[in-house]
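See structure below.
In listed order, ligands and their atoms are each counted from 1. The first residue in the sequence is number 1, and the count goes up from there.
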Amino acid sequence: MHLRETVEQFKYCANTASEWCWHGDDGYHVTSKAKAEGALYDQLREDTELTANLVQKGIRQAVEAVKSGVERLKNDQDTSRPTFTADTAVYDKRSATFHHDHVSLSTPDGRIECDYILPDDTDIPPTKYVTDEDYEFRRATLHRRDGDWYLHASMLKDDDTHTTTEHRTVLGVDLGVNQLAVASTGRFWSADEFNHWKQEYEKRRGDLQQCGTRAAHDAIEGVKRKEDGRFEIFLHRVANEIVAEALSHNCSHIVFEDLTNIRENVPEASWHHLWAFRRLYENVAYKATEQGVKAVQVDPRNTSKRCSTCGFTHDNNRDGEEFACQDCGYQNHADYNAAKNIGLQYLRRRQNADDGGAPVDVRLNRGTLNVSGEYNLPASSEA
Ligand SMILES: [Zn+2]
């Protein structure tokens, strides 16, 4: 089967690249796409029969995963070399041609065409988006589930009157009790220091309360003032770093989850944490505004259960700090996945508000696969 061979070779590229990047030339991890491509591209083109574009996508997938692994190491978290086991391959407009009733996919045996299996009703997704001339495929992940092939695609409404590209880059931030903040760029701010101080503070206050004297009461007040000052300094530093992260990635918005119901969303949070989340948001909002960046909040529903790669949402996707999509196989730190979803949530809201667009899951009809045999991508699009 040609699709089967494609995902096998794609996996091979990703795993080979992951192995190379993780150990690196000289003991360092390689997180540069250009460097990894420079070192591996020719070899992987030799080793596989994939087109240039798919080989690059495989390498990039590995570099992304290695990057987030390195972030975890920086935060003293357990991690190991990323491995890719799911049957997936990433396509874009260079390696796939999306038509309204079928898609043409690049494979080791040239292009093959697959018909979509769609509901007849043209008003509901995915039929609506696939058949509507105004919607355009940008990127799609081919994957296999229970023996059937699916295409998870992102579609954008093609609309010249609304070119809001300057608002498309946002920084998503997930808040939590172990990682105080995790950004959608893969940067983590550990809550260890904060949690440690909090414990010390509670302990000292407990000891002093045992005394019950007036002097002890004054001492408690003193400890509290000192600790509050420490927390404030810490939160200011993290806020400054979050704003700097947004600026360095040219983000127009920093997106947080709505803090109104944070108590329910983060049940393990103590009142100290809830206070810290609010203060952090206030600090970021204030500092961001000074830099011309907006801080906004979005509905946090499902941001921890939803796969930021394919959109599949399920309770079983998340197990503590581990996120593993039960559908497409995407694996990463759960808070990092949530941070990406928070950013995506805002982008989706904007898209729905002013220029349409929707993620689409299209099932492929395996029964009508046929080899077209032709392979006629223009040379320039292969670069
Ligand atoms: Zn997924």
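By the criterion of a separation under 2.8 Å, the protein N/O/S atoms near the Zn ion (ligand 1) amount to C307 SG, C310 SG, C325 SG, C328 SG.
Between F194 and H272, the ring-plane angle classifies as perpendicular under the 30° and 60° cut-offs.
Grouping Ile, Leu, Val, Met, Phe, Trp and Tyr by side-chain contacts under 4.5 Å, direct or through others, puts Y201 with L208, I220, V223.
Listed by first then second residue, pairs satisfying ring-ring contact (aromatic ring centres under 6.0 Å, His included) with a partner in residues 57-86 number zero, not counting sequence neighbours. The salt bridge (Lys or Arg N to Asp or Glu O under 4.0 Å) pairs that include a residue from residues 335-346 are R318-D335, where partners are two or more places apart or lie in different chains.
Judged by distance alone, the side chain of R45 and the main-chain N or O of L50 form a donor-acceptor pair under 3.5 Å.
We find the OG-CD distance between S95 and Q56 to be 10.0 Å, quoted to the nearest 0.5 Å.
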